[in-house]
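Taking it in order: structure first as structure tokens, then the write-up.
A, B, ... follow the sequence lines: proteins, then strands. Residue 1 opens every chain. Reckoned from all heavy atoms, side chains included, excluding hydrogens, waters and symmetry mates.
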Protein chains: 2
Amino acid sequence: MTSPPFKPTLLVIDDEIQIRRLLRVTLESEGYKVRETETGQLGLQEVAHQAPDGIILDLGLPDLDGTEVIRRLREWSKVPVLVLSVREGEDDKIAALDAGADDYLTKPFSGRELLARVRAVLRRTPVSAEPAMVRVGDIEIDQSAHVVRRAGVEVHLTAKEYALFQLLVQYRGRVVTHRQILRELWGPNAEDNTHYLRVHMTHLRQKLEADPHTPRHLKTDAGIGYRLVDV
Amino acid sequence: MTSPPFKPTLLVIDDEIQIRRLLRVTLESEGYKVRETETGQLGLQEVAHQAPDGIILDLGLPDLDGTEVIRRLREWSKVPVLVLSVREGEDDKIAALDAGADDYLTKPFSGRELLARVRAVLRRTPVSAEPAMVRVGDIEIDQSAHVVRRAGVEVHLTAKEYALFQLLVQYRGRVVTHRQILRELWGPNAEDNTHYLRVHMTHLRQKLEADPHTPRHLKTDAGIGYRLVDV
DNA sequence: ACCTTGCCTTGCGCCAGCCGTACATTTTCC
DNA sequence: GGAAAATGTACGGCTGGCGCAAGGCAAGGT
């Protein structure tokens with residue numbers, strides 16, 4: 001099935017060096033590539049710079065609360081996150097999971113269970129599904145580096161704008177309904193607030209279209225949704 | 001246009017009736033729809049019959065081992081599975097997770113944690129979008145992409161036009177009565193306005209037929225309704 | 001404490017698409 | 001073959017949906 005032995009890259013975010021060591025040894029023994037950062041801030045930067053295939057995140061970080069790290073990450077990224085914590089309290093678990101974590105493991109943890117949970121979490125996001133670099137007309141998006149360019153020059157997109165654009169890229173050529181977008185970006189309770197969409201769509205067009213008034217790529221299908229077309 | 005908030009359906013597979021009761025109460029309190037089966041075999045049948053949005057599976061089943069249930073399920077389905085078990089042993093956890101489970105929770109479990117994990121697991125399910133392509137003569141419709149092409153070139157349809165065409169595609173080859181169409185597209189109060197239909201039918205033919213005056217696919221059965229034919 | 005940034009919210013002008021009428025054409029049935 | 005019924009087509013007014021600008025608000029950074 002997997003002909004070239006592809007090695008997923010994992011990012012470990014933890015302030016304790018012993019834990020990082022332990023995680024590195026454990027994960028590398030299974031063939032994963034491992035990167036590390038000590039703080040939440042650096043972790044977020046690292047993901048933005050080059051997206052890993054998964055994240056192991058310690059809740060107890062010196063700078064940001066781990067839950068906050070997940071929340072910010074989830075504004076624009078879907079990278080699987082497995083949370084580690086010493087805290088047994090279910091409030092912490094629930095907060096982290098609802099912030100967007102995919103799994104929660106309590107320290108001390110078994111190395112073999114960790115590996116199994118990492119496999120389970122990675123399995124759900126097909127790694128090679130989407131090429132890192134996608135071009136649509138003179139717009140290009142590098143999903144791993146989290147960068148969008150138009151005519152070669154980098155364009156700064158806000159978190160929501162990026163998330164919206166990424167969704168359209170994922171379904172490029174096809175119509176994405178208002179509902180789908182709203183569900184994905186604002187959650188199932190915002191399915192009717194189509195005006196959010198209109199505003200952010202305007203911003204996107206102003207940043208990505210040569211002539212925002214007559215869009216060539218970011219098309220709208222009245223009464224249905226939006227779509228990204230190549231020609 | 002505002003449909004009720006979407007309630008995911010969960011399937012509980014557990015042989016102990018007390019646990020099923022508990023799970024049902026817990027899950028229904030959050031608005032999920034709940035179905036139940038007592039054995040692994042019945043569970044698999046139930047999923048095959050009508051796929052739920054997620055599964056809560058007890059490992060200790062009388063007929064099949066829970067791990068085996070997951071393994072068989074994963075041969076054809078990607079439904080998220082959350083495993084419950086009394087067994088603490090890490091071998092069981094690893095076996096279940098590697099068989100294809102998405103999460104593993106040990107009994108006794110906290111209701112709130114279960115709900116949080118269910119949310120986390122459901123959140124991951126991507127908006128499935130396999131191209132459901134149907135061809136009729138030189139017209140093709142990709143229902144998941146909301147795109148219609150004639151002779152290879154894309155044709156822009158308005159919302160009503162698309163809805164009408166999709167309905168005809170759904171019953172292709174067979175006659176769809178005026179009433180049926182009107183009820184479906186304009187609601188039960190417009191069953192007599194066959195006139196709407198005529199107008200939109202004209203538009204459709206102008207966009208999809210080579211010679212709109214002598215339609216080859218969008219046929220009309222006078223006094224009855226319309227039908228989409230292949231030849 | 002101030003400034004910056006990004007998201008939400010509102011309001012307004014505009015236009016595509018829907019409705020409704022009027023008329024032409026085809027089909028049905030005697 | 002002809003009248004009546006049913007269907008096809010054209011056109012214009014109207015409305016709901018959409019683009020867009022501007023202001024408020026909250027959070028982060030300096």
At a cut-off of 3.5 Å, list every protein nitrogen or oxygen paired with a nitrogen or oxygen from nucleotides 28-30 of chain D, distance to 0.1 Å.
none

To the nearest angstrom, the CG-P distance between A:Asp221 and D:dG16 comes to 21 Å
Sugar-phosphate atoms are those with a prime plus P, OP1 and OP2; base atoms are the rest. Using that split, label each nucleotide of nucleotides 18-30 of chain C B, S or - for protein heavy atoms under 4.0 Å, 5' to 3'.
SSBB-----SS--
Are A:Glu68 and A:Arg71 within salt-bridge range, i.e. N to O under 4.0 Å?
yes
So do A:Glu46 and A:Ile13 actually touch side chain to side chain, heavy atoms under 4.5 Å?
no
If you look at every strand shown and take non-hydrogen atoms under 4.0 Å, does B:Thr220 touch a base, only sugar-phosphate, or nothing?
sugar-phosphate
I need the CG-P distance between A:Asn189 and C:dC8, as an integer number of Å.
14 Å
Would you say A:Tyr104 and A:Ser85 are linked by a side-chain donor-acceptor pair, where the criterion is simply a distance under 3.5 Å?
yes
Nearest whole Å is fine: how far is D:dA5 P from B:Asp192 CG?
17 Å
As a test of understanding, state which of A:Lys78, A:Glu161, A:Gln143 forms a side chain to side chain donor-acceptor pair (under 3.5 Å) with A:Gln166.
A:Gln143
Please report, rounded to the nearest Å, how far the P atom of D:dA6 is from the OH atom of B:Tyr226.
13 Å
For a quick check of understanding: with a heavy-atom distance under 4.0 Å over all strands, which category does B:Thr194 fall into, base, sugar-phosphate or nothing?
nothing
Interatomic distance, B:His213 NE2 vs D:dG8 P [rounded to whole Å]:
12 Å
Salt bridge or not between B:Arg216 and B:Glu209? Use side-chain N to carboxylate O under 4.0 Å.
no
Specify the separation, in whole Å, of atom CD of B:Glu209 and atom P of D:dG8.
12 Å
Expressed in angstrom and rounded to an integer, what is the separation of A:Leu204 atom CG from C:dC7 atom P?
11 Å
Step through the shown structure and confirm whether more than 12 heavy atoms of other residues, nucleotides or ligands are within 6.0 Å of CZ on B:Phe109.
yes
Less than 3.5 Å apart, any donor N or O on the side chain of B:Thr194 or B:Asp192 sitting next to an acceptor on the other?
no
Taking the basic N atoms (NZ, or NE/NH1/NH2) and the acidic carboxylate oxygens, is any pair closer than 4.0 Å for B:Asp53 and B:Arg119?
no
In this structure, how many angstroms lie between the P atom of D:dG19 and the CD atom of A:Gln206, rounded?
12 Å
I would like to know whether A:Glu16 and A:Arg20 meet salt bridge (charged side-chain N to carboxylate O under 4.0 Å, His left out); could you show each step before the answer?
CA-CA 6 Å; A:Glu16 298 167 73; A:Arg20 289 208 305 277; over 6 Å; no
